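The structure appears below as C-alpha cells.
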Amino acid sequence: MKIAGIDLADDKFPQHVGIIMDGNGRWASERGYSRQRGHNAGMQALKDFLNLLEKTPVHIATLFCFSKENWKRSQDELDGLFQLLRQFYRSEFPTLKKRKVHVLHSGDYAGLPPDVVRIFETMQKETRDNKGKVLNLAMNYSGRDELMRAARRLLLQGGSPEDINEEVLAALLDHPELGDIDLVIRTSGEQRLSNFSLWQSAYAELYFTNIYWPDFSDKDFAEAILAYQGRERRFGAAGEPRESEMLRA
Ligand code: FPP
C-alpha cells in the first residue's frame with residue numbers, strides 16, 4: 001500500500017506498534033503557547049493517527065498517554081490531561097465502537113480520578129467482543145510498575161520461586177494477549193524508552209524521529225514503517241554474513 005506517497009510492502013507491516021507521543025510541551029513553547037495547547041494539538045495528532053491506523057495492516061497500537069512519572073507535573077497540567085481523556089471518550093469512543101476497535105487500558109488504576117477509571121472500564125467492557133484493531137491506552141503506566149504488579153499477582157496467587165518462568169510472568173502482565181511490540185516509535189528527538197513497555201519491547205525495533213508529536217503526520221508514520229521494513233529482525237539468532245564479513249573470512 002501507499003501512505004503519503006510512500007510505497008510500503010503490505011506483508012511486512014508490524015503487527016503491534018507502540019508510540020511514545022513526546023514533544024507536546026516543546027511544540028507549544030516554541031510557538032509561545034501554553035502546554036495545554038500543546039496537549040490539545042497532541043490529541044488532534046492522536047485522532048489523525050487513529051484514522052490512519054484503520055487503513056493499515058497494523059493490528060495493535062499501544063499508546064503512551066501518561067506515565068507514572070508524569071505526576072510530577074503541575075496540577076493544572078494533570079487536570080488538563082485527564083480532561084482530554086474525558087473529551088476523547090465523548091468525541092472519539094463512538095467512532096471507535098463503530099469501527100469495532102477493541103479498546104484497552106494498561107497501567108495502574110490507583111491514583112487516577114475515579115471517573116477516568118470508569119471511562120476505561122466502560123470502554124473496555126463495551127468493546128471487549130470487537131474483532132477490529134486493538135487500541136491499548138497506557139495511562140498511569142510504567143514498564144517497571146507493570147512488572148512489579150505482575151510479581152505481586154504471582155505472590156497473591158500463592159506462587160513460589162520455582163513457579164517463575166518467562167511464560168508465567170508474561171501471563172501476569174496487564175494484557176498478555178497483546179504479545180510483543182514489533183516497532184516502537186518515539187517522537188521529539190529523545191532516544192530512550194522512558195519506562196515504556198519494557199517487557200513487550202525486548203525485541204522491538206526502535207525508531208526515533210525529531211518531529212514533535214503534534215506535527216506527526218501520515219508521512220512520518222510511513223517513514224517509520226519504511227525504516228522497519230528495511231530492518232533485519234533476528235531475535236538473537238545469527239544473521240546472514242554481510243559481504244564485508246565474508247571478505248574477512
Ligand atoms: C509528552 O509530551 C506527552 C504527554 C505526557 C501526554 C501525551 C498526551 C497526548 C498525546 C494527548 C492525548 C491525551 C490523552 C489523555 C489520550 P511532553 O508534554 O512531555 O512534551 P515535552 O517533553 O516537549 O515537554
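Whatever order the structure lists them in is the order used to number ligands and atoms, beginning at 1. A quick note: this is a predicted structure, and the numbers were derived from the prediction, not measured. Computation of the quantities below employed the complete heavy-atom set of this structure, encompassing side-chain atoms and omitting hydrogens, waters and symmetry-equivalent molecules. Counting from 1, the numbers follow the sequence of the chain as shown.
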message: Could you go through Val101 and Glu54, starting from their C-alpha distance and side-chain angles, then the distance that decides it, and tell me whether this counts as side-chain contact (heavy atoms from CB on, under 4.5 Å)?
response: CA-CA 9 Å; Val101 173; Glu54 197 55 25; 4.1 Å; yes

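Among protein heavy atoms, atom 7 (C) of ligand 1 sits closest to Cys65 O, 3.5 Å. When only non-hydrogen protein atoms are considered, atom 20 (O) of ligand 1 lies nearest to Gly25 N, 3.0 Å. For atom 22 (O) of ligand 1, the closest non-hydrogen atom on the protein side is Arg26 NH2, 3.0 Å. Atom 16 (C) of ligand 1 has its closest protein heavy atom at Met43 CE, 3.7 Å. Protein heavy atom nearest atom 1 (C) of ligand 1, with residue, atom name and distance: Met21 O, 3.2 Å.
Residue-ligand proximity, Leu81 to ligand 1, at heavy-atom distances under 4.0 Å covers atoms 6 (C), 15 (C). Set against the non-hydrogen atoms of Trp213, the atoms of ligand 1 under 4.0 Å away are 10 (C). Atoms of ligand 1 lying under 4.0 Å from any heavy atom of Asn70, numbered from 1 in the order shown and given with element: 5 (C). Ligand 1 places these atoms under 4.0 Å from at least one heavy atom of Met139: 15 (C).
Residue contacts with ligand 1 for Glu190 are absent, since no atom lies close enough (heavy atoms, distance under 4.0 Å).
The closest side-chain donor-acceptor pair between Arg233 and Tyr228 falls under 3.5 angstrom. Counted by atom type alone, His105 and Glu121 present zero donor-acceptor pairs between their side chains at under 3.5 Å. With 3.5 Å as the limit, one finds no donor-acceptor pair spanning the side chains of Ser29 and Arg35. Side-chain contact annotation: Asn40 with Gln44, donor-acceptor N/O pair under 3.5 Å absent.
Geometrically, ligand 1 and Trp27 share no nitrogen or oxygen pair separated by less than 3.5 Å. At least one N or O atom of Asn24, backbone or side chain, sits closer than 3.5 Å to an N or O atom of ligand 1. Checked by distance only, ligand 1 and Leu84 stay at 3.5 Å or farther apart across all their nitrogen or oxygen atoms. Between Arg73 and ligand 1, a contact under 3.5 Å exists for at least one N or O pair.
Within the structure, the closest approach of Phe88 to ligand 1 does not fall below 4.0 Å when heavy atoms are considered. Heavy atoms of Ser188 come nearer than 4.0 angstrom to ligand 1 in no pair at all.
Using cut-offs of 30° and 60° on the angle between ring planes, the pair Phe49 and Trp213 is perpendicular. Taking the six-membered ring for Trp and thresholds of 30 and 60 degrees, Tyr141 and Phe196 have ring planes more than 60 degrees apart, a perpendicular arrangement.
Checked for salt-bridge contact, Asp174 and Arg149 meet the test: a charged N lies under 4.0 Å from a carboxylate O. A salt bridge is absent between Arg26 and Glu30; no separation between the charged side-chain nitrogens and carboxylate oxygens falls under 4.0 Å.
A centroid separation of 6.0 Å or more is found between the aromatic rings of Phe120 and Tyr89.
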